[in-house]
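Report on one structure; see the data block that follows.
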Amino acid sequence: MSILVYAELKDGKGTKSAFEAVSYAKKASETVGGDVIAVTVGAINGDGGLGNYGASKVLNAAIDGADGGQMAKVVEAAMNQTGAGLLVASNDETGKVVAPRAAVRLNAGFVAGVTGVPDTSGGLTVSKGVFSGKATAKVQVDGDKKVIAIVPNSFGLHAGGSDAAVESISVDAGAAKITVKQFNPTSTDGSIPLPEADLVVSAGRGLKGPENWGMVEELARELGAATACSRPVSDIGWRPHHEHVGQTGIAIRPTLYIAIGISGAIQHLAGVNSSKVIVVVNKDPEAPFFKAADYGIVGDAFEVVPKLIEAVKGLKGN
Amino acid sequence: MKILVCISKAPDTTSRIAFTDGDTKFDENGVQFIVNPYDEWYALVRGLELKETLGGSVTTVTVGGADNDPVIRKALAIGADNAVRIDADPADSFDVASQIVSYAKDQGFDLVLTGKETINYNSGVTGALIAEMLDMPYVALATKLDVDGGTATITREVPGGTEVVEVATPVVLSAAKGMAEQRIPNMRGIMAARTKPLEVVAGVPSTGQTSIVSYALPPAKGDVKLVDAENVAELVRLLHEEAKVI
Ligand SMILES: Cc1cc2nc3c(=O)[nH]c(=O)nc-3n(C[C@H](O)[C@H](O)[C@H](O)COP(=O)(O)OP(=O)(O)OC[C@H]3O[C@@H](n4cnc5c(N)ncnc54)[C@H](O)[C@@H]3O)c2cc1C
Ligand SMILES: Nc1ncnc2c1ncn2[C@@H]1O[C@H](COP(=O)(O)O)[C@@H](O)[C@H]1O
């Protein structure tokens with residue numbers, strides 16, 4: 001049985017989350033069996049880059065400015081047309097709308113927040129993050145149709161496929177109920193969106209004031225990293241809200257998280273402890289963050305960070 | 001305007017997370033329960049602010065047993081007019097949504113507000129499930145909400161930025177940070193909450209098709225490798241050569 005992937009397009013090309021969802025489905029197909037077919041909505045450029053990650057076919061519905069309700073109708077039609085039993089989507093901002101809506105339309109067993117590939121040894125089980133990154137749960141998914149939505153950055157990208165065939169699919173999806181009036185990109189300077197970033201430099205109240213973020217931004221720039229912050233820092237307006245990570249901010253899972261002047265409160269850790277490698281710079285050797293860290297420097301950020309920038313420049317210069 | 005706010009119970013953010021019964025149950029021993037922060041700080045408070053300016057009522061709905069009543073009273077103390085508890089032990093988000101829909105479908109709510117996600121299950125999908133079941137539009141991750149006549153203007157998070165969207169009510173949405181400021185209940189609110197109506201209704205048969213087999217805690221981290229503050233270049237070398245992350 002085929003696996004269908006809802007793949008989000010931006011400017012005709014799959015997004016990073018879409019590539020990840022296709023990569024995940026490709027991996028899952030090794031145990032579940034079947035082909036990986038992607039379904040897309042809106043203008044597509046070639047195969048949108050989806051074949052490279054393992055899609056053998058891309059179904060495209062040429063609906064402009066579709067809302068989540070319309071997208072779910074397209075996904076439902078694609079499930080029926082392909083006879084797929086499993087739908088994979090990213091649990092990103094769009095996937096959080098499309099996957100559940102499709103699950104209702106398909107009356108499917110549905111799990112969101114999945115972080116591991118399916119285990120098919122007895123039915124279908126997947127692992128999912130729970131308690132804000134403090135634990136995982138093994139979830140059994142029943143039902144004739146199944147829908148799983150995976151956490152961005154939990155699986156990674158696995159390229160190496162060839163171009164996929166693109167077919168159009170026509171669906172009576174009705175009219176859009178949501179009208180977009182305005183789009184405000186988070187960063188106009190070309191820096192990396194935090195949820196997708198592989199490398200993240202983050203700072204907390206230890207930096208004393210917003211005027212001291214220059215060195216944080218410079219370090220991020222040198223590394224090609226995104227910037228983040230602790231909650232009090234965004235609450236007092238030193239940094240924008242979208243940089244706030246933690247239990248009540250966003251949860252991220254980069255390969256490298258550098259925390260500067262952040263104490264490591266449990267609510268902060270909840271958003272970052274799935275990072276592969278954690279580096280902590282804090283002048284207090286008793287800061288709880290050191291217990292969650294892989295590497296640490298006990299020292300004053302105002303002395304350590306400039307040296308770090310120089311060392312990174314040295315490395316990149318080689 | 002008739003507003004419904006979906007309220008769930010969650011372990012306090014500082015709770016020690018542990019499991020019992022062969023890792024199949026969350027260990028509630030010594031755990032303090034709170035209103036799920038997104039539901040309380042953002043969904044409920046914005047609902048109350050809209051009611052205060054536009055008139056109408058705010059009802060909360062919770063799916064669960066009587067152990068939810070203290071957090072429901074907290075929501076009433078903050079200012080909700082009345083509360084409904086659907087007496088069921090929900091299997092998963094799909095089931096929660098069906099239970100809420102079975103109650104809400106003919107009540108004529110103009111707005112259904114949920115939190116961005118529960119801090120215990122972190123799915124963030126219940127609102128979308130409710131919306132599809134009610135055939136209503138749904139706006140996820142809303143950070144700003146205004147209603148004028150029958151039109152809601154909402155700012156939402158989308159990949160790579162934010163969008164301002166317009167949608168006709170009734171609409172379902174999930175509330176994220178930015179929507180409102182936390183309100184601390186005052187003595188009058190707490191007193192009033194004791195006598196506000198908390199209606200208990202029976203649930204419908206479960207529609208969940210998933211089940212949690214077991215829980216696991218993440219593997220313990222090894223000890224941190226400390227690098228001397230005078231030798232920062234060594235850290236960069238380790239990240240490059242040992243951890244291979246830069
Ligand atoms: C319900 C709830 C939800 C929450 N959600 C979140 C969340 O999502 N995200 C979040 O981050 N927090 C959250 N918090 C807040 C959390 O509990 C902490 O208060 C917060 O994370 C602390 O931020 P901080 O580490 O920046 O500041 P502080 O705790 O003030 O720590 C500053 C650190 O900087 C160090 N420092 C000071 N000067 C220097 C220097 N010159 N050089 C190096 N180090 C220095 C200090 O030693 C200290 O460790 C939440 C709290 C609650 C109650
Ligand atoms: N048992 C419940 N009763 C009422 N509302 C709930 C319940 N569980 C979840 N919700 C609502 O749905 C939102 C998203 O939950 P979830 O999809 O589980 O992350 C929460 O923030 C609540 O507003």
Side-chain angles (χ1 to χ4, degrees), chain A residues 15 68-69 72 92-94 96-97 100-101 103-105 109-113 125 129-132 134-143 177-186 193 223 241 247-248 255-256 266-267 276-277 290 292-299 304 307-308 311-312 315, chain B residues 11 13-14 17 19 37-38 92-94 119-125 128-129 131-133 137-141 143 157-168 177-178 209-218 221-222 224-229 232-233 235-236 238-240 243 245-246:
Chain A
T15 60
D92 69 354
E93 294 91 334
T94 317
K96 274 189 174 131
V97 182
R101 295 200 86 127
V104 170
R105 301 191 72 82
F110 173 44
V111 190
T125 52
V130 289
F131 297 100
S132 303
K134 293 171 204 159
T136 56
K138 234 165 96 180
V139 183
Q140 181 174 328
V141 194
D142 298 317
K177 291 183 177 170
I178 296 174
T179 318
V180 178
K181 292 284 168 189
Q182 198 185 324
F183 172 66
N184 305 309
T186 311
L223 286 167
H241 282 315
Q247 186 141 25
T248 47
T255 50
L256 174 64
I266 190 162
Q267 297 96 348
K276 193 166 152 240
V277 171
F290 283 116
D294 299 282
Y295 299 96
I297 293 186
V298 178
V304 172
K307 289 183 190 161
L308 205 47
V312 171
L315 176 76
Chain B
T13 54
T14 55
I17 303 300
F19 303 100
Y38 295 106
D92 58 14
S93 302
F94 204 111
I119 61 169
N120 32 356
Y121 296 110
N122 308 106
S123 301
V125 295
L129 293 163
E132 186 64 40
M133 291 174 191
Y138 172 67
V139 179
L141 305 169
T143 55
E157 294 169 13
V158 292
T162 60
E163 260 175 12
V164 180
V165 301
E166 265 181 22
V167 54
K177 183 175 175 175
Q209 299 183 79
T210 73
S211 46
I212 292 179
V213 182
S214 61
Y215 292 98
L217 294 171
K221 274 256 177 197
V224 53
K225 199 176 246 187
L226 288 178
V227 175
D228 196 274
V232 174
L235 173 66
V236 172
L238 286 168
L239 292 176
H240 182 61
V245 289
I246 61 173

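Lettering follows sequence order; numbering is per chain, from 1.
Of the two parts of A:Leu223, only the side chain, counted from C-beta on, holds a non-hydrogen atom closer than 4.5 Å to a non-hydrogen atom of chain B. Looking at B:Leu141, only its side chain comes within 4.5 Å of chain A, counting heavy atoms on both sides. Interface remark: B:Pro37 contributes side-chain atoms only to the contact with chain A (heavy atom separation under 4.5 Å). Using a 4.5 Å cut-off between heavy atoms, A:Asp92 contacts chain B through its side chain alone, with no backbone atom that close. Proximity to chain A (any heavy atom under 4.5 Å) is restricted, for B:Leu239, to the side chain, taken from C-beta onward. Looking at A:Thr248, the atoms closer than 4.5 Å to chain B (heavy atoms on both sides) sit in the backbone and in the side chain alike.
The side-chain heavy atoms of B:Leu235 and A:Ile297, taken from C-beta on, include a pair separated by under 4.5 Å. For the pair A:Gln267 and B:Thr14, the minimum side-chain heavy-atom distance is below 4.5 Å. Contact of the B:Tyr138 side chain with the A:Ile178 side chain is not registered, since no non-hydrogen atoms from C-beta on lie closer than 4.5 Å. Side-chain atoms of A:Asn184 and B:Glu163, non-hydrogen and from C-beta on, never get closer than 4.5 Å to each other. With contacts defined as side-chain heavy-atom distances shorter than 4.5 Å, the pair A:Tyr295/B:Leu226 does not qualify. You'll find the side chain of A:Thr94 stays beyond 4.5 Å of the side chain of B:Val158, heavy atoms only.
For the set B:Thr162, B:Ile212, B:Val125, the count of heavy-atom pairs under 4.5 angstrom toward chain A peaks at B:Thr162. Chain A forms more heavy-atom pairs under 4.5 Å with one residue of B:Val227, B:Val167, B:Asp228 than with any other, namely B:Val227.
The two residues B:Pro218 and A:Ala135 make their nearest non-hydrogen contact at CD-CA, 4.1 Å. Among all heavy-atom pairs drawn from B:Thr210 and A:Gly109, the shortest one is CG2-C, 4.2 Å. Residue A:Ala311 comes nearest to B:Val236 through the heavy atom pair CB-CG2, 3.5 Å, listed as atom of the first residue, atom of the second, then distance. Between A:Lys134 and B:Thr13 the shortest heavy-atom distance is NZ-O, 3.1 Å. Here the shortest heavy-atom pairing between A:Phe183 and B:Gly160 reads CZ-O, 3.8 Å. In terms of heavy atoms, B:Ala128 sits closest to A:Lys96 at CB-O, 3.7 Å.
Side-chain atoms of B:Tyr121 never come within 3.5 Å of backbone atoms of A:Phe131 as a donor-acceptor pair (strictly under, hydrogens ignored).
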* Asked: For A:Ser132 and B:Asn122, what are the C-alpha separation, side-chain angles and deciding distance, and is it a side-chain hydrogen bond (donor to acceptor under 3.5 Å, both in side chains)?
  -> CA-CA 6 Å; A:Ser132 303; B:Asn122 308 106; 3.3 Å; yes
